[in-house]
Amino acid sequence: MGLVVQKYGGTSVGSIERIKAVADRVVKSRDGGDRIVVVVSAMAGETNRLFQLASELSEAPSARETDVLVATGEQVSAALLAIRLQSMGYPTVSFLAFQMNLTTDSNHGRARIKSVQCDRVMRSLNDGKIVVVAGYQGVNPDGDITTLGRGASDLTAVALAAALKADTCEIYTDVDGVYTADPNVCPKAKKLGRISYDEMLEMAGLGAKVLQTRSVELARRYNVPLVVRSSFGDAEGTWVGQEDRSMEDVLVSGVTLDQNQSKITVAGVEDRPGLAAKIFSPIADAGIVVDMIIQNASADGRTDMTFTIGREDLKRALEIVTRTAAEIGALNVRHNDQVAKVSVVGVGMRTHSGVASTMFQVLATERINIEMISTSEIKVSVVVNSKYGELAMRALHDAFINGDGGPNAAPRESV
Ligand code: ADP
Ligand code: ASP
Ligand code: MG
């Protein structure tokens with residue numbers, strides 16, 4: 001008898017009809033003999049609705065109360081699913097974060113998990129119950145409610161799967177697997193049969209929201225086998241796991257687009273030791289994640305420093321940077337919130353060259369200007385005007401993945 005953690009996202013529990021369908025699916029696995037822990041998200045749109053309500057009452061709602069508010073979405077779907085399963089004759093119990101001691105730090109809105117105690121969950125499973133867990137939420141050491149970041153019900157599911165040593169963690173969503181690009185933007189995208197943790201981690205971090213980034217990181221650390229599947233049908237999903245050798249045969253396994261980017265330039269910074277630290281330390285202290293950084297070659301002892309951050313952090317980052325720029329005597333601060341990051345990802349890049357140059361050529365042919373470039377062992381990213389983000393993604397997908405006889409003529413196990 002296996003132990004399976006199943007996670008259902010917002011669309012999958014988005015209506016009473018959908019919750020009934022999820023219950024049928026859970027029952028099918030239960031009848032097949034597995035012990036089941038189900039992690040649920042809030043019903044589609046609910047978390048956004050709750051954030052919106054708070055913003056109608058205050059320009060800057062406190063992070064603590066916002067978490068009390070937005071954590072309710074998952075509580076509702078957990079209770080509804082448990083009620084449905086009980087009505088079908090299946091003993092079921094729902095748990096919120098505090099009932100499992102899912103403790104986190106106190107970083108409201110993006111708290112990190114410290115530990116989770118599964119004894120109560122285990123006891124319920126051993127009593128023959130189905131366990132339904134509210135995703136996305138935690139409790140800090142003071143007993144206050146926290147949330148783990150947008151999309152983080154995936155993280156709850158992986159954390160439980162790791163703690164329970166589950167056989168698999170199944171992520172049910174509104175697409176039937178991980179594709180070579182977002183299938184809702186790139187109609188020619190192909191479904192992957194499997195993908196390595198490393199590639200998935202890069203893709204998630206670069207904008208493929210099909211899995212939340214930290215959930216992939218945790219799955220890799222604890223070696224939790226993940227499968228992404230549709231809650232709307234029975235198609236085979238995509239396995240996310242350890243890399244195997246054949247994966248390197250494929251140059252590019254995915255193309256991603258992140259439209260949620262902004263760019264800040266601090267112009268005319270004196271070119272001397274310590275100034276980069278002066279600019280970036282206060283940003284880091286504010287918990288803002290900086291992505292790409294470019295420093296121009298200096299002219300007349302001054303240089304420009306440009307970096308990207310998530311759009312939601314732009315206002316705060318600008319306040320901080322403007323203050324620092326005045327302190328260090330920089331000439332001015334400019335920003336642009338209409339930029340997108342487009343990336344190609346693949347473990348094959350470790351052993352093959354030429355991806356970056358092909359990428360630049362494709363973008364040149366489309367007459368798309370590249371504003372910034374960054375590379376890692378298994379990805380190349382560029383920042384472009386957000387108007388051209390989708391075009392860039394499709395062109396790169398055509399070239400690398402659909403390309404006739406191109407570098408990726410035979411994508412790995414795509415189905
Ligand atoms: P859920 O609410 O189930 O967690 P999400 O909206 O968070 O679902 O994630 C699923 C969405 O991820 C899909 O609808 C799709 O638009 C998007 N997505 C982005 N990139 C990819 C990709 N490479 N493969 C599959 N889906 C992707
Ligand atoms: N409901 C939360 C969100 O919308 C968490 C999740 O869906 O995973 O971000
Ligand atoms: Mg999600």
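When a ligand or atom number is given, it counts from 1 through the structure's own listing order.
Judged by distance alone, the side chains of N223 and Q242 do bring a donor and an acceptor atom under 3.5 Å apart. If you check the side chains of Q117 and N101, you find a donor sitting under 3.5 Å from an acceptor.
A cation-pi arrangement is absent between R150 and F51, since the terminal nitrogen or guanidinium carbon is not both under 6.0 Å from the aromatic centre and inside a 45° cone about the axis.
Residue K209 holds the heavy atom nearest to atom 5 (P) of ligand 1 of all those in M200, K191, K7, K209. The residue from T47, N184, D176 that puts a heavy atom closest to atom 16 (O) of ligand 1 is N184.
Checking only distances, K7 never comes within under 3.5 Å of ligand 2, N or O to N or O. Checking only distances, G10 does come within under 3.5 Å of ligand 1, N or O to N or O. Distances between N or O atoms of G151 and those of ligand 2 include at least one value under 3.5 Å. In terms of polar-atom proximity, defined here as any N/O pair under 3.5 Å, D154 makes no such contact with ligand 2.
Under 4.0 Å from ligand 2, the heavy atoms of E74 that appear belong solely to its side chain. Using a 4.0 Å cut-off between heavy atoms, D182 contacts ligand 1 through both its backbone and its side chain. Neither the backbone nor the side chain of S153 has any atom closer than 4.0 Å to an atom of ligand 1 (non-hydrogen atoms only). With a heavy-atom cut-off of 4.0 Å, M203 touches ligand 1 through its side chain alone.
Set against the non-hydrogen atoms of S41, the atoms of ligand 2 under 4.0 Å away are 6 (C), 7 (O), 8 (O). Residue V178 has at least one heavy-atom neighbour below 4.0 Å for each of these atoms of ligand 1: 24 (N). Proximity to P183 (heavy-atom distance under 4.0 Å) selects the following atoms of ligand 1: 24 (N), 25 (C), 26 (N), 27 (C). Residue contact check: R150 has heavy atoms under 4.0 Å from atoms 3 (C), 4 (O), 9 (O) of ligand 2. Heavy-atom proximity to A208, at under 4.0 Å, picks out these atoms of ligand 1: 19 (C), 20 (N).
When each of D105, D313, D67 is tested with R110 by the rule salt bridge (charged side-chain N to carboxylate O under 4.0 Å, His left out), just one qualifies, namely D313. A side chain to side chain donor-acceptor pair (under 3.5 Å) with Q6 holds for exactly one of R229, R25, E170; it is E170.
Within the 3.5 Å criterion, the main-chain N or O of E236 finds a donor-acceptor partner in the side chain of K191. A donor-acceptor contact shorter than 3.5 Å links the side chain of S15 to the backbone of R18. S253 places a side-chain N or O within donor-acceptor distance of the main-chain N or O of V345, the cut-off being under 3.5 Å.
Of all protein heavy atoms, the one closest to atom 1 (P) of ligand 1 is T173 OG1, 3.5 Å. In terms of protein heavy atoms, atom 25 (C) of ligand 1 is closest to G177 O, 3.4 Å. Nearest non-hydrogen protein atom to atom 27 (C) of ligand 1 is V210 CB, 3.7 Å. The shortest contact between atom 24 (N) of ligand 1 and any protein heavy atom is with Y179 N, 2.9 Å. For atom 13 (C) of ligand 1, the closest non-hydrogen atom of the protein is D174 OD1, 3.5 Å.
Of all non-hydrogen atoms in S230 and Y172, the two that sit nearest each other are O-CD2, 3.6 Å. Taking all atoms of both residues into account, the shortest heavy-atom contact from G177 to T238 is CA-OG1, 3.4 Å. V342 approaches G389 most closely through the heavy-atom pair CG2-O, 4.0 Å. Q259 and S386 get closest at one heavy-atom pair: OE1-CB, 3.1 Å.
Residue contact check for ligand 2: A152 places a non-hydrogen atom closer than 4.0 Å to it. Taking a 4.0 Å cut-off on heavy atoms, S12 fails to register as neighbouring ligand 1.
For F307 and F280, the gap between ring centers is short of 6.0 Å.
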